[in-house]
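All chains are named by letter (A, B, ...) in the order of the sequence lines, taking the proteins before the strands, and each is independently numbered beginning at 1. Everything numeric in this text was worked out from a predicted model, so none of it was measured.
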There are 2 protein chains.
Amino acid sequence: MKEIDYNEIPLFEGIHPDNLNKLLICINSFKKDFDKGETIIMEKDKVPYIGIVLFGNVHLLKEDIWGNSSLLSYVGPGELFGENFAVSVEQESSVTFVAVEKTRVLFLAASKIIHTCENACSFHARIAENMFHLLGKKSISYMNKLEIMSKESIRGKLMAYISTLAQQQKSKYIKAPLSRTQLADYLSINRSAMTRELGKMRDEGIIDFDRNTFVIK
Amino acid sequence: MKEIDYNEIPLFEGIHPDNLNKLLICINSFKKDFDKGETIIMEKDKVPYIGIVLFGNVHLLKEDIWGNSSLLSYVGPGELFGENFAVSVEQESSVTFVAVEKTRVLFLAASKIIHTCENACSFHARIAENMFHLLGKKSISYMNKLEIMSKESIRGKLMAYISTLAQQQKSKYIKAPLSRTQLADYLSINRSAMTRELGKMRDEGIIDFDRNTFVIK
DNA sequence: GTAAGTTTGTTGCATTTGCAACAGATTGAT
DNA sequence: ATCAATCTGTTGCAAATGCAACAAACTTAC
């Protein structure tokens, strides 16, 4: 597996590659690898670090009292995770983060981003600004999932989800980053009922699909 | 109606009252009043300002293509709204903000909080830090609503919602900040089915309620 | 105080969805 | 290449929920 290019990581946007190494030391960064299925952060854990996925994929899971776990969100290469806990006051995670495949993570100390650096590095202001942008974006993406989840029917949820992907991928041929089972879990609907509904939608000529690739007609 | 005390506004925590006036001028703040039902920010509007509710209440609504509007979130005195759009790159709102009653809002220029002040006011660093905390908290609150919405049944959603309120209010006697109709809208469930389920739950002795006050047994 | 408008409670019926069980397809390990 | 494990498709049935329609309670404006 190959790490994402550091200049493609949104948090580092606008920071000159020459400064990046200095910066990474300044904000106490370190890398860690996780195997498929391994837990990165458990619910209730203290989260003083922001995670950046270098390769692989991370799922955010929430288990309720009865052991039903649901897939709240997923994070791919270049994206952040745990940042909302890390920048909050308590820094306690309310969800579990799991590597769904072999995954490498770059961790950064949140306090070094929130507080102005004693050395007043020029790039410090820039990374704080980027962090603001990304926190806003993450919040908006949760609002977007809330919109999807607020649809009454399975069909409504599927259409809303596929539309979101179409916008992101700017194409009519949409590859879902989740398997069928995972998608049903993500949308909190029954897997077989979802397959049934997808079949109906294909019969009615609304969409077409093959495995986890979809086409809106 | 009376404005909330400025020293109870989380964004201003740790800032000495003597500095507050100077700060409010420095970050281009202004107040505005809205009548019941009035739209504060429309979907697609540019949002360069962060809103703080001084009195009243604000609802975040999202309308889909067919005109079905759903209640994503609500904001009360002292709380922020629009901040996730204001700190993002595009600054474009994807939802509509509506005053549900007579409401006064204090608006602050987001750019003045994100970027370090040229005067390097001492309190500037503090407000930026508070902003980080609040952005994280807001994100976490959306994740919490996602958890509620991921429950399959009406009963599951109601229990999850009431539990959340109980935690927030630290009491077994819980006053919901939403009317029945609004609550059904917030949870994206049918109002009459919700009333039916609440009745069942009372019959089974799980909860008790009167209007929008609930008791968990 | 009255009337109009809004919110809440109730109930029968149609539809949707979850569930369970199983078969076929696909993937992964050795 | 083979076997085990996991994922996907299918279908009948039971249960949950949405919907519609209406009555009662409550609010608001004049």
Test item: [X] and [Y] side chains (from C-beta on) under 4.5 Å apart, heavy atoms:
X       : Y       : value
L187(B) : L71(B)  : no
L54(B)  : K31(B)  : yes
E63(A)  : N68(A)  : no
I174(A) : T213(A) : no
Y74(A)  : V58(A)  : no
I40(B)  : F107(B) : yes
L61(A)  : L72(A)  : no

Point to revise | Terminal axis angle for the helix from dG1(C)-dC30(D) to dT30(C)-dA1(D), five pairs an end, nearest 10 degrees | key: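 Here the helix ends are tilted 70° relative to one another.
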
Check your understanding: Going by number, which of residues 96-105 of chain A have a non-hydrogen atom under 4.0 Å from DNA chain C?
Key ->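 When residues 96-105 of chain A is checked for heavy atoms under 4.0 Å from DNA chain C, there are no hits whatsoever.
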
Review point. Atom CG of L198(A) and atom P of dG9(D): how far apart are they, to the nearest Å?
Key: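 Rounded to the whole Å, the gap is 8 Å.
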
Practice item. To the nearest Å, give me how far apart CG (D35(B)) and P (dA29(D)) are. Key: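 Rounding to the nearest Å, CG of D35(B) and P of dA29(D) are 12 Å apart.
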
Using nucleotides 13-19 of chain D, report all nitrogen or oxygen pairs with the protein that are shorter than 3.5 Å.
residue : atom : partner : partner atom : Å
dT17(D) : OP1  : I154(B) : N            : 2.8
dG18(D) : OP2  : N190(B) : N            : 3.1
dG18(D) : N7   : R196(B) : NH2          : 3.2
dG18(D) : O6   : R196(B) : NH1          : 3.3
dG18(D) : O6   : R196(B) : NH2          : 3.4

Point to revise | Crowding at CD, E13(B) (>12 non-hydrogen neighbours, <6.0 Å) | key: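 No.
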
**Study point:** Q167(A), CD: over 12 other non-hydrogen atoms inside 6.0 angstrom
**Key:**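 Check fails, neighbour count at 12 or below.
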
Point to revise | Pair E83(A)-K138(A), salt bridge (charged side-chain N to carboxylate O under 4.0 Å, His left out): steps then yes or no | key: CA-CA 9 Å; E83(A) 79 281 27; K138(A) 183 65 73 87; 2.9 Å; yes

Check your understanding: Does NZ or CZ of K137(A) come closer than 6.0 Å to the centre of the six-membered ring of F132(A), within 45° of the ring's axis?
Key ->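 No cation-pi geometry.
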
Review point. Which residues satisfy the ring pair (Phe, Tyr, Trp, His ring centres under 6.0 Å) test with F97(A), sequence neighbours excluded?
Key: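 With neighbours one apart ignored, the set is F81(A).
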
Review point. Residues two or more places apart in sequence or in another chain: which of them pass ring pair (Phe, Tyr, Trp, His ring centres under 6.0 Å) with Y173(B)?
Key: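 Here no residue qualifies.
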
Review point. Could you give the start and end, 5' to 3', of the contact zone on DNA chain C for chain B, using atoms under 4.0 Å from its heavy atoms?
Key: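 Nucleotide range with atoms under 4.0 Å of chain B: dT7(C) to dG12(C).
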
